[in-house]
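In what follows, a structure is listed as structure tokens, so that the remarks can point back to it.
Values below: all heavy atoms of this structure, side chains included; hydrogens, waters and symmetry mates excluded. In this text, all values refer to a predicted model and were calculated from it rather than measured experimentally.
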Amino acid sequence: MKRTIITVVGKDTVGIIAKVCTYLADNNMNILDISQTITGGFFNMMMIVDVSASGKAFADVKSDLEELGKGIGVSIHVQSEEIFDMMHRI
């Protein structure tokens, strides 16, 4: 399993979750865990996604999701689980 951490942050609008999840489904990526909140009109979502069944390179997934985010007015950040874990060690 190749796990990736995806975070989405921005002003809340209709369809953010749908568009991100559609991209993931279209590219055979499975959502393992998801947390989403809206606070004061700001949207925040964190996902753990298994990308091992996708034929796409990590760099392409990262680029695609960043572009998708720009198109819907949010910031999407993609990291491999290993890098995320190293950055958040105590």
Side-chain angles (χ1 to χ4, degrees):
M1 185 179 316
K2 187 173 180 183
R3 293 163 40 131
T4 299
I5 310 299
I6 300 171
T7 57
V8 182
V9 178
K11 289 233 179 199
D12 187 35
T13 58
V14 173
I16 296 171
I17 296 171
K19 288 175 182 161
V20 173
C21 290
T22 297
Y23 173 84
L24 298 175
D26 288 349
N27 288 282
N28 206 28
M29 298 176 198
N30 187 39
I31 299 168
L32 302 172
D33 200 356
I34 184 171
S35 172
Q36 174 259 316
T37 60
I38 300 169
T39 305
F42 290 95
F43 178 87
N44 187 2
M45 177 170 66
M46 181 175 177
M47 308 170 89
I48 301 172
V49 178
D50 179 6
V51 297
S52 58
S54 174
K56 288 200 165 203
F58 179 82
D60 293 335
V61 172
K62 182 175 173 71
S63 176
D64 289 350
L65 285 170
E66 287 171 354
E67 282 301 311
L68 175 67
K70 288 177 188 173
I72 59 176
V74 296
S75 173
I76 300 180
H77 187 72
V78 181
Q79 287 183 297
S80 69
E81 182 181 39
E82 296 84 18
I83 299 296
F84 184 86
D85 285 343
M86 287 181 187
M87 290 178 60
H88 294 89
R89 275 185 162 165
I90 295 179

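Here the CG atom belonging to L24 is positioned 10.0 Å from the OG1 atom belonging to T4, to the nearest 0.5 angstrom. In this structure, M46 CE and I34 CD1 are separated by 11.0 Å, a value rounded to the nearest 0.5 Å. Taken to the nearest 0.5 Å, the CG atom of D50 stands 6.0 Å off from the CG atom of N30. The distance from atom OG of S63 to atom CG of L68, rounded to the nearest 0.5 Å, is 11.0 Å. The NZ atom of K56 sits 12.0 Å away from atom CG of N28, with the distance rounded to the nearest 0.5 Å. Rounding to the nearest 0.5 Å places OG1 of T7 at 8.5 Å from CD1 of I76.
Linking ILVMFWY residues whenever their side-chain heavy atoms come closer than 4.5 Å, directly or via other members, places I38 and V8 in the same cluster. Clustering ILVMFWY residues whenever any of their side-chain heavy atoms sit less than 4.5 angstrom apart, transitively, puts I48 in a cluster other than the one holding L65. Note: the hydrophobic cluster containing V51 does not contain I5 (ILVMFWY, side chain heavy atoms under 4.5 Å, direct or indirect links).
Side-chain atoms of I72 and T13, non-hydrogen and from C-beta on, never get closer than 4.5 Å to each other. Inter-residue side-chain proximity for F42 and K11 is flagged as met; some heavy-atom pair is nearer than 4.5 Å.
Remark: the backbone N or O of A18 is paired with a side-chain donor or acceptor of T22 at under 3.5 angstrom. Judged by distance alone, the side chain of S54 and the main-chain N or O of N27 form a donor-acceptor pair under 3.5 Å. Between the side chain of K62 and the backbone N or O of V78 there is at least one donor-acceptor pair closer than 3.5 Å.
When each of I17, L32, V20, D33 is checked for a side-chain contact (heavy atoms from CB on, under 4.5 Å) with M47, only V20 meets the rule.
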Exercise. Checking side chain to side chain contact (heavy atoms under 4.5 Å, CB included) for the pair V9/V74: CA distance, chi angles, key distance, verdict?
Worked result: CA-CA 6 Å; V9 178; V74 296; over 6 Å; no

Problem set entry | Y23 and V61: CA distance, side-chain angles, deciding distance, side chain to side chain contact (heavy atoms under 4.5 Å, CB included) verdict | CA-CA 10 Å; Y23 173 84; V61 172; 4.1 Å; yes

